[in-house]
Amino acid sequence: MSPGVAAKSLADLNLTTEEYEAICDHLRREPNNLELQIYSVMWSEHCSYKSSRVHLRRLPTRGERVLLGPGENAGIVDIGDGLAAVFKIESHNHPSFIEPYQGAATGVGGIIRDIFTMGARPIAILDSLRFGPLEKPQNRSILKGVVSGIAGYGNCMGIPTTGGEIMFDDCYSFNPLVNVLCVGIARHGDIHYGKASGIGNPVIYVGARTGRDGIHGATMASAEFNEDAQAKRPNVQVGDPFMEKLLLEACLEAMKKGLVTGIQDMGAAGLTCSTCEMGARAGTGIELQIELVPLREEGMTPTEIMLSESQERMLLVTERGREQDVGAIFKKWGLESSVVGTVIADPVLRIRNAETVLAEIPNRTLTDDAPRYTRPLSPPACAGGALPSLPHVDPRAALIALLSAPPIASKRWVYEQYDHMVRTNTLVLPGSDATVLRVKGTGRAIALSVDGNGSYTAAQPMAGAMASVAEAARNVACSGARPIAATNCLNFGNPEKPEIMGQFSDVIDGIAEACRALGVPITGGNVSFYNETAGKGIHPTPVIGVLGLLEDATKVVDQWFKAEGDVIYVCGAGAVSLGASEYLRTVHGLSAGVPAAVDLKAEQALIDLCVDAAARGLVRSAHDCSDGGLAVALAESGFAPGGLHGVSVALDALGSENGDFALAAFGEGGARVVASVAPGDAAAFESLAARVGCPARKVGIVGGNALQLAWRGVRVVDVAMAELFEAWSGSFARQLQ
């Protein structure tokens with residue numbers, strides 16, 4: 001090691017001595033400072049996935065509808081009629097803790113660019129968010145900033161935010177999670193890739209000028225936080241959604257006119273990542289003239305230029321001689337474009353300042369040949385423990401408490417800040433189990449849901465991961481759509497701790513098993529490690545986004561009851577448990593026990609029932625039983641946008657809860673859906689359920705003004721729907737005051 005490269009300097013770059021020696025081996029010399037900085041970001045956990053790659057390869061990534069799996073900016077699946085859905089989920093956790101508004105806003109901007117860089121027009125955003133308890137002022141402040149950032153960016157872009165989830169736990173108090181999914185639509189022939197093809201072709205920089213914001217953002221996202229976290233605010237990017245809107249339109253126009261042979265956004269690691277990855281994918285190189293890069297600040301060094309993560313920038317390759325055509329399009333949209341380099345045959349990233357070579361690095365050493373660690377792992381210490389004997393609690397009070405709890409209470413305060421109807425594709429309003437979007441020009445629709453349960457995964461990592469996949473697929477099926485593919489965002493603590501890697505490995509195995517069983521291959525995603533502050537980490541939190549296809553958009557189903565006299569069924573063979581449940585946390589103040597076992601065969605049978613029944617018009621509503629159990633699902637089904645619907649249900653009809661009312665009413669588990677069916681369709685629905693092998697128990701009817709739950713012939717709960725609605729609808733906003 002050079003005397004000028006001290007161990008502390010390497011540590012500041014999140015590089016080890018062994019990694020430095022590997023860099024020297026790759027280059028066959030010692031790196032200069034610029035080259036070392038480039039390696040530091042490209043070999044960061046955030047960019048290289050050096051701790052996760054050996055495990056991620058166990059995920060299923062192929063399927064009959066998968067056109068493109070992991071490896072590009074987003075996954076692509078066939079949805080018929082020559083059209084494809086392009087979708088992916090990414091995290092922006094660390095920036096959202098340091099600067100909530102810009103952290104969340106630039107997370108939205110980044111995932112949008114991942115979609116339109118593939119040639120797809122983005123049509124919707126979903127977000128999966130985690131915060132600490134709202135009793136703490138800091139958590140309320142972070143939540144408000146994150147929601148404002150998502151709304152501010154998405155609304156200005158004219159892209160609706162149509163769904164998502166928000167969960168709470170103390171482990172997220174200094175480690176909020178902001179996971180954002182975006183989906184777009186493209187024709188098969190219009191798909192573009194991030195490749196620097198064609199020796200001699202010009203490399204063009206388009207969009208915003210480069211500033212000093214976001215420098216070493218990828219490195220920041222690859223380390224734990226401590227009490228000095230706020231000092232990292234300069235590492236957070238600053239977004240401009242109005243410029244991104246212009247950039248989107250200009251890029252799509254250039255693609256439509258056949259002017260783009262390769263394109264990639266400058267996201268994590270900025271210009272460094274886009275140049276070396278585009279070259280590596282094509283087996284070519286890029287020679288970059290750094291003095292031609294447009295700057296918005298004077299005196300920027302080559303290192304600052306290469307590592308800046310300024311937003312709203314893209315790098316594209318066009319055919320030689322088409323530079324002026326590209327420039328004319330971007331000028332029309334009020335954007336700058338500059339030829340900054342050339343595609344070369346040597347598979348290297350070569351950076352020049354005029355005639356002086358500042359850096360020359362083989363592309364593959366930055367991408368495919370980055371370190372891959374098989375880190376030590378130990379069996380995770382499951383957080384569940386034995387479930388204690390629970391004192392009796394008034395069921396009516398328990399139900400009201402659950403409906404008022406932040407994880408369950410209405411998130412209307414949040415989604416009213418989002419424009420969820422722009423572009424007129426939204427078929428189901430926010431608040432139902434899945435977002436459903438029409439595919440214009442066809443009779444089809446797509447449905448999406450994002451789900452995860454950190455409490456389940458902390459208690460049993462593998463089973464919790466399986467449950468997250470199953471819940472997302474189940475929610476999509478409740479809308480009538482057949483689940484066809486998935487994306488994942490894997491949020492964990494420090495991978496250098498064997499227990500964290502034990503959790504991660506178990507979660508990968510759980511996702512893989514569930515995805516194979518339910519036919520939803522993983523098409524891409526994101527790993528976010530180092531979600532720890534002052535040594536305290538988050539629950540292992542895999543978030544799964546599932547995409548489904550609805551062949552007939554007129555057959556869409558939502559979660560709300562429709563008419564008095566409709567028959568209520570509880571469908572599915574899922575087991576239930578009070579372990580790790582919202583009832584246990586909210587009503588008894590405990591985190592104990594383990595969730596119910598996951599039955600993937602039962603999940604598949606339930607999905608088949610929901611999809612087939614919707615296609616035949618046999619169900620009027622379908623709602624997943626999840627947080628809070630059956631009692632909460634019944635109440636939520638009655639909170640219809642057009643008016644409240646009471647229910648009368650006999651829980652004895654379930655027949656499997658061992659005489660425990662609390663377990664029957666509030667127990668949680670997979671493979672369960674509350675469905676309502678018109679009386680005239682009941683026989684056909686029951687026949688279909690028997691044919692697909694999914695139990696469908698008739699438990700009651702829709703009607704009246706109250707939620708009534710009977711147990712062993714006694715009415716145990718009888719409460720006005722208006723009272724329940726008041727507890728559910730206003731609680732969240734009140735707790736944010």
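Side-chain contact check for Asn93 and Asn491: at least one donor-acceptor pair (N or O, by modelled atom type) lies under 3.5 Å. Side-chain N/O atoms of Tyr569 and Glu686 include a donor and acceptor closer than 3.5 Å. A donor-acceptor pair shorter than 3.5 Å cannot be found between the side chains of Ser648 and Arg715. Defined by atom type and a distance below 3.5 Å, a donor-acceptor pair is missing between the side-chain atoms of Tyr415 and His420. A donor-acceptor contact closer than 3.5 angstrom is absent between the side chains of Ser729 and Ser410.
Ion pair Arg672/Glu603 not flagged as a salt bridge, since none of the NZ, NE, NH1 or NH2 atoms sits closer than 4.0 Å to an Asp/Glu carboxylate oxygen.
At a threshold of 4.5 Å between non-hydrogen side-chain atoms, the residues Lys411 and Phe732 count as touching. The shortest distance between side-chain heavy atoms of Leu437 and Val183 falls below 4.5 Å. Side chains of Arg482 and Asp608 form a contact here, defined as non-hydrogen atoms less than 4.5 Å apart.
In Asn705, the CG atom is not crowded: 12 or fewer heavy atoms of neighbouring residues, nucleotides or ligands sit closer than 6.0 Å.
The salt bridge (Lys or Arg N to Asp or Glu O under 4.0 Å) test applied to Arg616 returns no partner, not counting sequence neighbours.
Between the CD1 atom in Ile123 and the OG1 atom in Thr435 there is a gap of 9.0 Å [rounded to 0.5 Å].
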**OP:** Using the side-chain contact (heavy atoms from CB on, under 4.5 Å) rule, take Ile511 and Ile522 through it: C-alpha gap first, then chi angles, then the decisive distance, then the call.
**Re:** CA-CA 9 Å; Ile511 293 173; Ile522 297 291; 4.2 Å; yes
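Taking the centre of each ring, Phe131 and Tyr172 stay at or above the 6.0 Å mark. Between Trp728 and Phe639, the ring center distance clears the sub-6.0 Å criterion.
Glu582 places no side-chain N or O within 3.5 Å of a backbone atom of Phe666 that could act as its donor or acceptor partner.
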